[in-house]
K.L.:
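Could you have a look at this structure, given as C-alpha cells, before my questions?
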Amino acid sequence: MTQAVTQAFTSGNSWQKRGLIDRRFSGAIVCAKDDNTATAVAKLYYVSGTNSYLMDSVSLSPGESAVWTEEDYGVVLNKSDYMKIVVSGDDVNCWLNTYDTFI
C-alpha cells in the first residue's frame, strides 16, 4: 500500500505560518503506469484529528488517470487537518496540491 499526504499547519515551522489565514486543498492527480498488469484503487481522504473521511475512490486500469479538482473537492484545512491518497493494487503516481492564503 502506498500513500501521499499533504502537510498540516501544525507540522510547519513558525516562520512558514506567519500571517497564514488558511490552507486549502486545491487538487490531486493519480496516474496508473502503462506497464501495470492489474488495476489499482486510489482513495482520497480528508483527515481531521483522529477522524478520516473518504472523499472519493477510483479504480484505475493500466494507463488511466483520475483528477480531483478544487471545484469538486475544495476543502479548507484546519490547523491539524490534511488530505491523503491511499493506493492499493498496482503502481500509481500521485500528486497532491494545496495553497496557503496569507494576511
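Excluded from the calculations below are hydrogen atoms, water molecules and symmetry mates; all remaining heavy atoms, backbone and side chain alike, are included.
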K.L.:
First locate atom OG1 of Thr98, then atom CD of Glu70, and finally report the distance between them rounded to the nearest 0.5 Å.
P.N.:
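Going from OG1 on Thr98 over to CD on Glu70, the span is 10.5 Å.
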
K.L.:
For the side chain of Ser26 and the backbone of Asn97, is there at least one donor-acceptor N/O pair under 3.5 Å apart?
P.N.:
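Checked: pair present.
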
K.L.:
Could you give the distance from SG (Cys31) to CG (Asp91), rounded to the nearest 0.5 Å?
P.N.:
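Answer for the SG-CG pair, Cys31 versus Asp91, is 12.5 Å.
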
K.L.:
Does Asp90 use its side chain to pair, donor to acceptor, with the backbone of Ala38 at less than 3.5 Å?
P.N.:
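It does hold such a pair.
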
K.L.:
What verdict does the side chain to side chain contact (heavy atoms under 4.5 Å, CB included) test give for Val76 and Phe25, after you've listed the backbone C-alpha separation in whole Å, the side-chain angles of each residue and the deciding distance to 0.1 Å?
P.N.:
CA-CA 7 Å; Val76 176; Phe25 168 70; over 6 Å; no

K.L.:
Atom CG in Asp100, atom CZ in Arg24: separation rounded to 0.5 Å?
P.N.:
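Answer for the CG-CZ pair, Asp100 versus Arg24, is 10.5 Å.
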
K.L.:
Can you name the residues that form a side chain to side chain contact (heavy atoms under 4.5 Å, CB included) with Ser59, not counting sequence neighbours?
P.N.:
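Once residues adjacent in sequence are excluded, the partners of Ser59 under the side chain to side chain contact (heavy atoms under 4.5 Å, CB included) criterion are Val41.
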
K.L.:
If you compare all heavy atoms of Ser61 against all heavy atoms of Ala32, which two are closest, and at what distance to 0.1 Å?
P.N.:
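Shortest heavy-atom contact: O-CB, 3.4 Å.
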
K.L.:
Evaluate the side-chain proximity of Lys33 to Val92: yes if any heavy-atom separation is below 4.5 Å, no if none is.
P.N.:
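No - every pair of side-chain heavy atoms lies 4.5 Å or more apart.
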
K.L.:
Side chains of Asp56 and Leu54, heavy atoms from C-beta outward: is any pair under 4.5 Å?
P.N.:
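Asp56 does not reach Leu54 side chain to side chain.
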
K.L.:
Answer yes or no: is there a side-chain heavy-atom contact under 4.5 Å between Met55 and Val75?
P.N.:
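Answer yes - side chains close enough.
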
K.L.:
Considering all heavy atoms of both residues, which atom of Lys84 and which atom of Leu96 are nearest to each other, and what is their separation?
P.N.:
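That would be CA-CD1, 4.1 Å.
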
K.L.:
Are Leu77 and Tyr99 connected in a single hydrophobic cluster, I mean Ile/Leu/Val/Met/Phe/Trp/Tyr linked by side-chain heavy atoms less than 4.5 Å apart?
P.N.:
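The answer is no; the residues belong to distinct hydrophobic clusters.
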
K.L.:
Among Val30, Thr39, Asn36, find the one that has a side chain to side chain contact (heavy atoms under 4.5 Å, CB included) with Leu60.
P.N.:
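Of the listed options, the one satisfying the test is Val30.
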
K.L.:
Let me have the donor-acceptor pairs involving side chains of residues 44-52, under 3.5 Å, with sequence neighbours excluded, atom names and distances please.
P.N.:
unit_1: Tyr46; atom_1: OH; unit_2: Asp81; atom_2: OD2; d: 2.5
unit_1: Ser48; atom_1: OG; unit_2: Asp81; atom_2: OD1; d: 3.0

K.L.:
Only counting residues at least two apart or in another chain, list the ones meeting side chain to side chain donor-acceptor pair (under 3.5 Å) with Asp35.
P.N.:
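Checked Asp35 against side chain to side chain donor-acceptor pair (under 3.5 Å); zero matches.
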
K.L.:
Compare every heavy atom of Ala66 with every heavy atom of Val58, then report the nearest pair and how far apart it is.
P.N.:
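It is CG2-CB, 3.9 Å.
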
K.L.:
Rounded at 0.5 Å granularity, tell me how far SG in Cys94 sits from CD1 in Ile29.
P.N.:
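The distance works out to 10.5 Å.
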
